[in-house]
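Report on the following structure.
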Amino acid sequence: MRKLGLVLLVVLPICPLAFSQAVTTAAQSPATTSSGQTSPQTSIQTITLGNAAVALTGPWKFQPGDSPVVNGSPVWAQPQFDDAHWAPMSLAPKAGSVDLLLGTSGYVPGWTRKGYPDLIGYAWYRLRVHVKDPTQPLWLKMPTDFDDAYQVYANGRFLGQFGIFSAKHVGVYVSNSASFPLPAPGPDGDLDLAVRFYMHASTPFDDPHAGGLHGPPILGLASTVHLLQASDDDVNLHRQFGSLLVDFLYLLVMPLVLWALWYNPQERAWLWLFLALGWSVVIGVVSVLENLTTLLSFADANLFNLIVLPLWMMFWWSWFGLRERRWIPRAAWLLAATLTLLKFCAQSSYIGFSFVPLSSLHWFDAARAWVDVPFQLLLVVILVEGYRRDRTEALLAAFPILLLMYGNFGHYLRRAFHIPSVFFPFGLGFFVLDIVAMLLVLAVAVLSLRRFLRTQVRDSLVHEAARKDLEQAQQLQQRVLIPDTLRSPVFSIQSEYRPALTVGGDFYQTLSKPDGSLILVIGDVSGKGISAAMLVAVLVGAIRSHADFTSDPASMLAMLNRRMIGRSGGHFATCLAAEISPTGVMRIANAGHIPPYLNGHELDVEGSLPLGITDDVDYPTQTFQLSPGDRLTFLTDGVPEATNPAKELYGFDRTRAISNQPAATIMAQVLTFGQEDDITVLGIQFATP
């Protein structure tokens, strides 16, 4: 089965040891039957072997159909069988003949081009070889190029086969050369060779020159044939270089595609690209295994290629952002399923299914060709739709999309215009599809790099704009949050504020009344960042406005609670409000905030629900008397909740221990320990007027 491999047929000795004296002549001689009678045998090829190998060009005798079997052995393989009525068939290649499909030199067209255009199934080749010097073991090397499976006989003895022959089905592998030891010629030096061939009904759809042998077998001494076989195996390995290079290139690109998907999970094009590359690698591995081994029977990887194309279509559909054109992916998968079904039916004989009549197989193949046209044109539709979105990207993407179309549709063009399908630069095999695949992934890589750089520049501009906005928000919050410096003969105020992010959710205000009283409000909005900072601005504005009417702490908290209800966006706030008169009388109300410290000891202040939870809440007011020299310290929970790298909390014990120190000292010690949340520290020193 000549599907996925490139063959290099050796029709003459290729090793210096193979040249001695090899003389091939055409002669005729009688053949003796087992009854002692002679039967006319034609096309006896007489050879003289030194250390040589000789191409058995024939002419061979050819007969369509299969041999009857007598006593478990096919009659047509027996040396006494009379094949005089069989048709002659030469396997001598024309000078300069090349198989354009596979790049085969010395190519011989199959039986479909030699008078048997409709022949499928079994056919036999026979040739009598007269060897003049049969003193050493002989081997027969079959050509690399043939359709589809065969069994070899010599003097009626079964030598071996290439393929899987059973009573119900013939399984095939991708064609490769194989060598078989020959029995010793008879006393007269004659060898009767017979080859039983089987070609599946689907094979002519892929190769109009299909059928049987596409080159002559080679007969020679064991050492010479082994050298030729090793050479064929080496060529077979080298011709997989392009496929292996493509797989390697795809495997290098796939982690980068995964990284792009992780970096931007909203861009689904990366997912489809990863799936397209991954499935292509799977097909490439299957193809290489089919060509290099007989571990896999022929499964025609082209069938699986029909899944690759819709994956690429999904990539381009996502790449151009055509999500509202949902009919495109639906059409792609529907056409892929239709093509897969049609090709499966057309090639069903390969896997032994007979639900499609042989006479109808060509209709399925013709339907496959017609459905393939809109399948490929769907890529043009995607390109046109992409052009309407982004002309530059569409023009850049035209090259890889056209490559993709050629890779999937180009075999029709190559067949019509006799374009070679494979090249051998530096002795390494590169199929046209390998070159297309490499150019495709490189073009997509360039497009992806361009889009990535554009995205990076765009994100950089967005981040820079966001950074400037945050800086302006920070400056604005500092102006709004930090009150004017109070000059009072009674109170000495120290304040420190450090948000965890650029802007924070802590807030405080210290306001002086005309009678010399001090109004102090400190709080902490849940959460961090912009949303908390915006709520802080609302609360600070409300505090300043309300302070013009009353200095009552409970009234202040109730007002702030009303402001938050219904507009907090899921946030709540702890808050503490206090009024300290010049005589040292302090009234205080608490809405779930940390109580203040007086001279290093926590005040026993009754708490209530935080702001923004419910509007039905009372805030009890308590009164304390300060003495000259007393020091009050108000904190937010960023102090006790500070966390070091070992995940240890600063805690209330440490907080209490430093609570009587200046605000700047407290802030420095907490920051050294490790900041986790916004931190605010207010220090109030009460002195005698």
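Keep in mind the model is a prediction, meaning the values are calculated, not measured. When reading the values below, keep in mind they use all heavy atoms of this one structure, side chains included, and skip hydrogens, waters and symmetry mates. The first residue of the sequence shown is numbered 1, and numbering continues consecutively from there.
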* To do: Report the C-alpha distance between T144 and N236 in whole Å, list the side-chain angles of each, state the deciding distance to 0.1 Å, and finish with yes or no for side chain to side chain contact (heavy atoms under 4.5 Å, CB included).
  => CA-CA 9 Å; T144 307; N236 188 31; over 6 Å; no
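- In this structure, the side chain of D148 engages the main chain of H200 through a donor-acceptor pair within 3.5 Å.
- Here the options are L127, L91, V195, T57, the test is side-chain contact (heavy atoms from CB on, under 4.5 Å), and the partner is P217; only L91 passes.
- The closest side-chain heavy-atom distance from Y125 to Y150 is not below 4.5 Å.
- Counting heavy atoms from C-beta outward, L335 and L309 have side chains that stay 4.5 Å or more apart.
- By the side-chain hydrogen bond (donor to acceptor under 3.5 Å, both in side chains) test, S280 is found to be paired with no residue, residues two or more places apart in sequence or in another chain being considered.
- In this structure, K61 contributes its side chain and R128 its backbone to no donor-acceptor pair below 3.5 Å.
- The two atoms that bring H214 and V108 nearest to each other are ND1-O, 2.8 Å, heavy atoms only.
- Atom CZ of F197 sits about 13.5 Å away from atom CG of D66, to the nearest 0.5 Å.
- At a threshold of 4.5 Å between non-hydrogen side-chain atoms, the residues P204 and H362 do not count as touching.
- Residues M199 and W111 meet the side-chain proximity criterion, which asks for heavy atoms closer than 4.5 Å.
- Rounding to the nearest 0.5 angstrom, the gap separating the CG atom in L311 from the CG atom in L273 is 10.0 Å.
- Taking every heavy atom of both residues into account, F180 and L159 meet most closely at CD2-O, 3.9 Å.
- For the pair P208 and T112, the tightest heavy-atom approach, listed with the atom from each and the gap, is O-OG1, 3.2 Å.
- Paired with Q240 under the rule side-chain contact (heavy atoms from CB on, under 4.5 Å), one option of L289, V288, L245, D434 passes, and it is V288.
- Shown here are the ring pair (Phe, Tyr, Trp, His ring centres under 6.0 Å) partners of W139, two or more places apart in sequence or in another chain: H226.
- Applying the side-chain hydrogen bond (donor to acceptor under 3.5 Å, both in side chains) criterion to W312, with sequence neighbours excluded, gives no partner residue.
- Using a 4.5 Å heavy-atom cutoff, the side chains of R196 and S67 are not in contact.
- Taking the side chain as every heavy atom from C-beta outward, F205 and K343 never approach each other to under 4.5 Å.
- Between F81 and W86, the ring center distance clears the sub-6.0 Å criterion.
- Checking side-chain atoms of S231 against main-chain N and O of L227 turns up no donor-acceptor pair under 3.5 Å.
- Here CG of L237 is found 12.5 Å from CG of D232. Values are rounded to the nearest 0.5 Å.
- Between F162 and F146, the gap from one ring centroid to the other is short of 6.0 Å.
- Between W124 and G65, the closest heavy-atom pair is CD1-O, 3.4 Å.
- The two residues N155 and A184 have their closest heavy-atom pair at ND2-O, 4.2 Å.
- No side-chain heavy atom of Y153 sits under 4.5 Å from any side-chain heavy atom of D192.
- When the side-chain hydrogen bond (donor to acceptor under 3.5 Å, both in side chains) test is applied to S179, the partners found at least two apart in sequence or on another chain are Q229.
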* **side chain to side chain contact (heavy atoms under 4.5 Å, CB included) between L213 and M142, intermediate numbers included** => CA-CA 9 Å; L213 290 164; M142 294 294 288; 3.8 Å; yes
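- To the nearest 0.5 Å, the span separating OG1 on T203 from CD1 on I120 amounts to 9.5 Å.
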Acceptor/donor pairs from residues 397-404 side chains to any protein atom, 3.5 angstrom cut, sequence neighbours excluded:
none

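- Interatomic distance, L275 CG to M254 CE, rounded to the nearest 0.5 Å: 8.5 Å.
- Other residues, nucleotides and ligands contribute over 12 non-hydrogen atoms within 6.0 Å of the CZ atom of F165.
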* Would you check, one step at a time, whether the test side chain to side chain contact (heavy atoms under 4.5 Å, CB included) holds for F375 with M313? => CA-CA 10 Å; F375 198 29; M313 288 182 177; 3.8 Å; yes
Going by atom type alone, with no hydrogens or angles, which donor-acceptor pairs under 3.5 Å involve a side-chain atom of residues 69-79 and a protein atom two or more places apart or on another chain?
from, atom 1, to, atom 2, distance (Å)
S73, OG, Q78, NE2, 2.7
Q78, NE2, P74, O, 3.2

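- A heavy-atom distance below 4.5 Å is found between the side chains of L56 and L193.
- The CG atom of L277 sits 8.5 Å away from the CZ atom of F315 when rounded to the nearest 0.5 Å.
- Minimum interatomic distance between A149 and V170 (heavy atoms only, all atoms of both residues): CB-CG1, 3.9 Å.
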* Apply side chain to side chain contact (heavy atoms under 4.5 Å, CB included) to L138 and L191, showing your working. => CA-CA 11 Å; L138 301 177; L191 274 173; 4.1 Å; yes
